[in-house]
Amino acid sequence: MINNLIIVESPAKAKTIEKFLGKDYHVSSSMGHIRDLEKKDFGIDIKDNFKPRYIVPEDKKKIVSELKKLVGESKTVWLASDEDREGEAIAWHLSEVLKLDSSRTRRIVFHEITKEAILDAIKNYRTIDHNLVDAQQARRILDRIVGFEISPILWRKIKPSLSAGRVQSVAVRLIVEREREINDFVSTSSFKITGRFIVKDKNGKISELEAELSKKFATKKEALDFLNKCAKAKFTIKDISTKPSKKSPSPPFTTSTLQQEASRKLGYSVSQTMMIAQKLYESGKITYMRTDSVNLSQLALNSASKIITSEFGKDYLNIKAYKTKTKGAQEAHEAIRPTYLDKDTIQGNNSEKKLYELIWKRTIASQMSDAQLEKTSITIDISGSEERFIASGEVLKFDGFLKVYFESTDDEQEDEKQGLLPPLNIGELLQYKTIDAVERFTHYPPRYTEASLVRKLEELGIGRPSTYAPTISTIQNRGYVLKTDKAGKARDYTVLNLTNEKVTESKKSELYGSEKSKLFPDNIGMIVNDFLVEYFTEILDYNFTANVEKEFDEIASGNRNWTEMISGFYKKFHPTVESTLKKSEPNKGERILGKDPATGKPVIVKMGRYGAVAQIGENATDEKSEKPRFASLRKGQNLESITLEEALELFKLPRSLGMFEEAEMVVGIGKFGPYVRHKSAFYSLKKGVDDPYLIESDRAIELIREKREIEKNKVIKEYKEEPGLKVLNGRWGPYISFNKENYKIPKNVDPAALKLEDCMNIIKNSSDKKKPKKK
DNA sequence: CAGTGAGCGAGCTTCCGCTTGACTT
């Protein structure tokens with residue numbers, strides 16, 4: 001018999017809690033939700049006042065039956081799911097599915113996993129808050145209605161298997177609109193003036209002072225005029241001012257800020273970060289990684305206080321509580337922090353270590369003092385001109401938290417600041433060494449990275465810590481959005497230089513606009529987005545989630561009935577679904593780019609059955625008329641921005657490279673990039689080395705021979721008796737291939753020594769475990 | 001799984017938010 005059964009959401013949490021409590025308690029976990037709306041037939045009886053049809057999904061049946069068994073053996077059941085809307089619903093579903101008797105069921109909540117917090121929670125038990133549960137049901141049902149009524153419209157009007165939803169569709173919209181901002185952006189240039197002045201100190205020691213003109217000039221002529229004016233001008237120190245300033249540490253990590261910093265500092269994708277954090281959490285090294293709270297437990301604060309004092313001294317200590325600014329934050333957990341702050345490093349693989357150290361530094365820094373700075377600004381007058389040069393410098397007086405942590409920014413081109421400025425006096429005359437006027441261009445707004453998209457979504461209150469990573473994956477899996485790099489372009493700019501009273505002009509070249517791992521909308525994403533924005537304007541509104549959240553809050557506080565709220569929404573929403581099905585036609589994005597110079601026929605781009613396509617010539621009207629030529633657009637090329645030249649390029653491939661071994665070699669670009677085809681085999685071109693438009697036959701033959709060499713070494717063993725069986729060398733080392741299925745070879749086995757029956761044994765042993773493959 | 005671009009039709013796809021497996025060809 002178990003006296004007390006505590007049910008929490010996560011098994012790692014269960015393990016930790018069990019350690020705190022005595023033998024009287026058994027702690028088990030539900031692994032999140034145990035029930036959900038049925039997937040087939042919508043799962044909601046609209047006519048029966050939106051009655052939800054809940055089922056236990058296949059993968060949760062085992063957990064439920066285990067919990068049922070435990071409940072049968074227990075005196076008191078404590079439902080300890082998280083203290084938020086979803087957690088309350090989990091507690092309620094548990095009580096329903098496990099048929100818990102209210103007389104021996106208690107609901108408890110705690111925000112920190114400490115013995116005190118748990119014992120305190122147990123003392124202050126309550127019953128399930130049904131208003132909060134209803135708010136969750138409203139949220140769940142609204143999302144189901146939106147997702148399952150709009151998605152089928154997309155299947156019929158645009159393409160099968162597409163999807164729409166309250167969160168993902170807005171995420172795509174952000175990316176599409178940013179792309180259009182970039183396409184519409186017109187870069188302008190102006191001239192930035194920088195002067196270098198010679199400064200002599202009392203001992204005759206010479207140093208330099210760099211100063212910037214407060215004004216930029218729009219044209220080269222204005223810049224030139226100014227430099228000419230400077231040639232013989234006098235430069236006088238007009239003013240020197242010194243101001244103290246400070247920098248404060250950032251709050252401890254939440255899911256979203258961890259994803260952003262891990263992306264900026266360590267280059268991890270959002271899902272990589274979450275997978276590594278999960279490992280750290282499961283091995284007890286950090287607190288829970290899906291959280292929107294910046295709060296640290298008293299225990300953590302005490303520990304931070306001790307460490308900072310002993311490592312850095314009392315001056316560095318500044319214990320404080322941070323408040324969340326995030327819209328709709330539910331704060332059921334602590335911030336993400338090391339479980340044991342006295343460990344500044346851990347055992348584990350490299351990426352785990354790096355992420356842990358990042359978390360450790362951020363947590364410690366959050367409880368350290370502000371950095372104290374001194375900013376100096378020197379104003380320099382120019383005789384015969386209204387303009388002024390300003391030299392500014394920044395000196396760190398006290399490093400404070402910067403001793404351990406410096407937060408990065410997304411800003412790619414940050415100005416470097418000068419440090420200490422040379423000692424100068426007001427009225428002092430300065431001699432210039434050089435004065436430059438450099439042409440600078442305005443830059444379009446940056447494309448989103450995975451992490452900066454998460455930050456934007458969080459800012460809008462859309463999505464939750466547990467869904468950021470999956471949402472980012474979904475919009476990529478649907479083909480709406482593409483994560484890729486973009487090569488920079490070269491651009492000339494003008495530099496005017498004044499030295500020794502003479503101005504010279506020169507041209508320089510720079511690379512601009514190169515981007516790494518940025519999110520680009522694909523054509524289908526743009527078409528779906530435009531369709532949704534046109535017909536489902538309200539759902540696609542950036543404030544839609546914030547608006548419905550207000551209504552969920554009213555339900556949670558007991559001031560509103562959930563079915564009334566949903567019914568109100570449905571009355572407006574469903575007629576839109578009906579009318580959209582009837583009248584709407586998606587825009588195929590068709591554009592006429594111009595005429596093909598070779599044939600004079602029109603060049604068109606549009607969305608075809610297999611994706612975006614360019615076409616030369618009109619569609620055939622009858623059997624005799626000539627058929628148009630087609631070429632697929634490449635990844636990252638948009639229907640609305642592709643130029644005639646780029647479209648014509650597409651028709652240059654595939655092209656023949658001549659004969660080799662009595663067969664033609666053809667170069668083209670396929671799904672996996674550029675390739676050479678020869679005798680119906682494909683040979684990939686080397687990324688960054690070969691260009692499909694330029695490659696010649698010699699190099700193609702080289703590639704073919706290279707791959708053949710690898711193929712030759714691929715086969716370790718073959719068996720006469722079993723032609724379908726081979727031992728092969730693969731990307732991950734040796735493996736067994738049998739009738740197109742692959743099998744792992746156990747570690748301690750020498751692959752070259754495998755006999756036929758050994759292979760068969762390995763195959764037999766692993767075949768039981770084989771699960772249906774996912775796409 | 002790299003080429004295609006006719007047309008028909010059955011059966012399928014899809015949401016968000018909790019959680020962790022099982023799995024790398």
Which residues pass the side-chain contact (heavy atoms from CB on, under 4.5 Å) test with [X], not counting sequence neighbours?
X	answer
A/Arg166	A/Arg139, A/Leu142, A/Asp143, A/Phe544, A/Thr545
A/Tyr542	A/Val170, A/Arg173, A/Leu174, A/Glu177, A/Leu460
A/Thr484	A/Leu482, A/Phe520
A/Pro470	none

Contact class for [X] vs. all strands (heavy atom < 4.0 Å): base, sugar-phosphate, or nothing?
X	answer
A/Tyr288	sugar-phosphate
A/Gly463	sugar-phosphate
A/Pro465	nothing
A/Thr467	base

Could you state the [atom1]-[atom2] distance from [X] to [N], rounded to the nearest angstrom?
X	N	atom1	atom2	result
A/Glu58	B/dG21	CD	P	19 Å
A/His333	B/dC18	NE2	P	8 Å
A/Lys62	B/dG21	NZ	C1'	10 Å

(message) For A/Lys572, is there an ion pair with A/Glu538 - N to carboxylate O distance below 4.0 angstrom?
(response)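 Yes, this pair counts.
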(request) Answer yes or no: is there an ion pair linking A/Lys15 with A/Glu18, defined by an N-O contact shorter than 4.0 Å? (result)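 Salt bridge between A/Lys15 and A/Glu18, a charged N being under 4.0 Å from a carboxylate O: no.
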(message) Can you see if the side chain of A/Arg464 gets near the phosphate of B/dC18 - specifically, an N or O under 4.0 Å from OP1 or OP2?
(response)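 Answer is yes, contact under 4.0 Å.
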(request) Output yes when at least one side-chain N/O atom of A/Ser10 is less than 4.0 Å from OP1 or OP2 of B/dT19, else no. (result)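 No, A/Ser10 has no side-chain N/O under 4.0 Å of OP1/OP2 on B/dT19.
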(request) Not counting sequence neighbours, which residues clear side chain to side chain donor-acceptor pair (under 3.5 Å) with A/Tyr281? List them please. (result)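 Residues passing side chain to side chain donor-acceptor pair (under 3.5 Å) with A/Tyr281: A/Ser10.
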(message) For DNA chain B, please output the secondary structure as dot-bracket, reading 5' to 3'. Pairs are Watson-Crick or G-U wobble, both atom distances under 3.5 Å; mark crossing pairs with [ ], other-strand partners with |, unpaired with a dot.
(response) .........................
(request) Can you sort out the partners of A/Phe531 under ring-ring contact (aromatic ring centres under 6.0 Å, His included), two or more places apart, ordered by chain and number? (result)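 Expected list: A/Tyr535.
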(request) Please state whether the base of B/dG5 and the side chain of A/Ser632 form at least one donor-acceptor pair under 3.5 Å? (result)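 Under the 3.5 Å cut-off, the side chain and the base do form a donor-acceptor pair.
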(request) Could you run through nucleotides 8-15 of chain B and give me one letter per nucleotide, 5' to 3': B if any protein heavy atom sits under 4.0 Å from the base, S if only the sugar-phosphate is that close, - if neither? (result) -----BBB
(message) Checking contacts here: which listed nucleotide (B/dC18, B/dG21, B/dG3) is nearest the side-chain heavy atoms of A/Arg677?
(response)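 Of the options given, the side chain of A/Arg677 lies nearest B/dG3.
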(request) With sequence neighbours excluded, tell me which residues meet salt bridge (Lys or Arg N to Asp or Glu O under 4.0 Å) with A/Lys62. (result)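 For A/Lys62, no residue satisfies salt bridge (Lys or Arg N to Asp or Glu O under 4.0 Å) once neighbours in sequence are set aside.
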(message) Would A/Phe682 count as stacking on B/dA2 if stacking means ring centres less than 5.5 angstrom apart and planes tilted under 30 degrees?
(response)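 Answer is yes, a stack.
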